[in-house]
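Encoded as structure tokens, the structure appears first; notes follow it.
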2 protein chains.
Amino acid sequence: MAGKVTSLQVAARAGVSQSAVSRVFTPGASVSQKTAEKVRKAAEELGYRPNVLARAMVSGKSRIIGLVVAYLENYFYPEALEKLSNALQARGYHVLIFMASQNAGNLDDVMSEILDYQVDGIVIASVSLSSDVAERCQSAGVPVVLFNRSQDIEGITSISSDNVAGGRKVAEFLMAGGHRRIGYIAGWEGASTQRDREAGFTAALHDSGQQVFSREVGDFDTARAREAARAMFDKPADRRPDAVFVANDHMAFAVMDVLRFELGIAVPGEVSVVGYDDVPPAAWPAYNLTTVRQRANLMVGETVAALMDHIDTPQTARPRRVAIDGPLILRGSARSPIDKG
Amino acid sequence: MAGKVTSLQVAARAGVSQSAVSRVFTPGASVSQKTAEKVRKAAEELGYRPNVLARAMVSGKSRIIGLVVAYLENYFYPEALEKLSNALQARGYHVLIFMASQNAGNLDDVMSEILDYQVDGIVIASVSLSSDVAERCQSAGVPVVLFNRSQDIEGITSISSDNVAGGRKVAEFLMAGGHRRIGYIAGWEGASTQRDREAGFTAALHDSGQQVFSREVGDFDTARAREAARAMFDKPADRRPDAVFVANDHMAFAVMDVLRFELGIAVPGEVSVVGYDDVPPAAWPAYNLTTVRQRANLMVGETVAALMDHIDTPQTARPRRVAIDGPLILRGSARSPIDKG
DNA sequence: CCGTGATTTGCAAACGTATGCAATTTCTGC
DNA sequence: GCAGAAATTGCATACGTTTGCAAATCACGG
């Protein structure tokens, strides 16, 4: 009933020592049936629950995972966040959120704040990491997982989709559809997702003797993507692309809107558009966007598995670099090989 | 450099007592310039940062705010979450996320888990609260803010938009547009947002001698909203509504897609659609949805203000019930009064 | 009924910080 | 240079838990 019930009060009421109470609430500790029952009863009556923070202090494990995320405007992230939080919750962990803007200066402060909370692990979504920050976490013994970014830092686990393969698939699909002038609208150039998607895309084009017809940068931002679309498509039909790969869905929606509603260009009639992520709105009929699926479930699963591995058995855990393959989801925003003729 | 640097080590290196170190990192404590400098220098060299958890234990303030959220699929919530986290971060607090599914049984467990973390406050978004859970928080001395839900529980602060007024605005706008058969697609009926929006809407209709032409329930869910749209509109033109108010944007997109792409009904040519929330996709040209704006910035501002009030001055803080008015944003999904004729 | 080993229990020392109190130092005005 | 006030400092305790260790209890076969 009272504001703060401690194990000491429970112990007094149950007529046992405080240690006994602690052991009852510590799985795998040595307690007899009888005392366990007495303690549980007393705890129930007083409304006692162990103080996680006090437990964290002495055990060194806070059961908190820090999550750094740059922006939730790209709807891939809310989805991932929801799944991640649920998966961790099921294992008794919880997510402490830290917002970081793109610029890296901020990230240092944010990482310091995270470590202040004695988190058991850190997930960094959509943000790149300087190697000295990574090192600081290493030395603090806190495992770090890069989510949706890969990076060549010694000993850092990263989980992403196979962006190179995804980019290839898009190029092959568009070429198979008979497109001859294929454009690319890039994301923020500091991002590995952007880099890898483009690399796979252009490599596949080259393999078939083609090259990118035109390229603009949209920085993963709606407004910039619109400008990029105007710059790329506000020209006569024979001097603009007949297909465009946009580095993520979030920009692809903006590009489609510019094509259809500003420039009066039919999608997919005159221009095919392909995105990346397969966020929920991609399936909405108004866009019906052909796109490469990022398998959020699998990515989250790998992330959680990596974290648990490092937390539970730090001595044997090895850093992983996982790239999960995702299928190209054929919808209606791009002419497909069968309607090619 | 080492894994864990404590105030004791800093004290040793700076040649002062541990208390002195503590005071240097406690704003408003009594320390001389000289020792402050010595301590800061030593702390810098050792990479010392105070342990938030240890601090929380003795001070009783964890600087953690628990956030309960049901689902992030409605894009109003990611936006609110981002703003909330940023606002709290600026004040030295951080957000610990807890996912709760709709059913209330789960919520009890979740609330218990939250309290285990000794949070300084709790924000409950989009979930209703049983009064005994509320009472438990009260007795634990943890302030609770209901975000986007209002509820008549003694002493609980709630922040929402003025859903009744918003519902009225929609009705008045549609009637002014010359619509004669106005339908309503409801959200989940357990939600106060749903109840209030519908109440304002039907009240305004009644005031003008009209009533709801037809009503379906979409439960704030995409799939259900689609079914509702089919049930309401798959009929001859004179037996279906000429306008529909959908209880939130997330459902409104689904409804528009069914109308346009399944039933071949022009929006706004044959049917006007109005939503609620003004989430980002509402402004995307493909939907261009006329909708009532929820002013997320103001709502978050009030939420943070209420929390800080209760945390900093619990003795004078009074529970508030705030309803923030939001404008009807006129876009292209509904015929407006001027094109009435 | 006793001895032995296994199980259960309590004691006490941590974990890293904040803070009341008393002792010490520094400052102020004369 | 000195008394007194003000500021600073260190000591020691507390926060609520876990956990190693030793004491106590238990089960059980002889």
Euclidean distance, atom [atom1] of residue [X] to atom [atom2] of [N] [Å, nearest integer]:
| X | N | atom1 | atom2 | value |
| --- | --- | --- | --- | --- |
| A:Q33 | D:dT25 | CD | C1' | 17 Å |
| A:Q18 | C:dA13 | CD | P | 14 Å |
| A:L8 | D:dG16 | CG | P | 9 Å |
| B:F25 | C:dT19 | CZ | C1' | 17 Å |

Within the structure shown, what part of the strands sits under 4.0 Å from [X] by heavy-atom distance: base, sugar-phosphate, or nothing?
| X | answer |
| --- | --- |
| A:T6 | sugar-phosphate |
| B:S30 | base |
| B:S19 | base |
| A:V16 | sugar-phosphate |

[N] phosphate, OP1 or OP2: any side-chain N/O from [X] under 4.0 angstrom?
| X | N | result |
| --- | --- | --- |
| A:S22 | D:dG16 | no |
| A:S59 | D:dT19 | no |
| B:Y117 | D:dG16 | no |
| A:S7 | D:dT17 | yes |
| B:T26 | C:dT19 | no |

What is the minimum heavy-atom distance between A:M299 and A:S160, and which atoms define it? CE-CA, 3.8 Å
Measure across A:V300 and A:F147 and return the closest heavy-atom pair with its distance rounded to 0.1 Å.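 Taking A:V300 first and A:F147 second, the nearest heavy atoms are N-CE1, 4.1 Å.
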Of the candidate nucleotides [options], which contains the atom at the shortest distance from the side chain of [X]?
| X | options | result |
| --- | --- | --- |
| A:S17 | C:dG16, C:dC11, D:dT17 | C:dC11 |
| B:K4 | C:dA18, C:dG16, D:dT17 | C:dG16 |
| B:N51 | C:dT17, D:dT17, D:dC11 | C:dT17 |
| A:R23 | D:dT18, D:dC11, D:dT19 | D:dT19 |
| B:V58 | C:dA18, D:dT17, D:dT9 | C:dA18 |
| A:A20 | D:dC11, C:dG10, C:dT17 | C:dG10 |

Should the ring pair A:H94 and B:F98 be called parallel, tilted or perpendicular, given that the plane angle runs from 0 to 90° and is split at 30 and 60?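 Ring orientation of A:H94 relative to B:F98: tilted.
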Ring centres under 6.0 Å, that's the criterion: do A:F25 and A:Y48 meet it? yes
Basic-acidic side-chain contact under 4.0 Å: A:E45, A:K41: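 Yes, A:E45 and A:K41 are salt-bridged.
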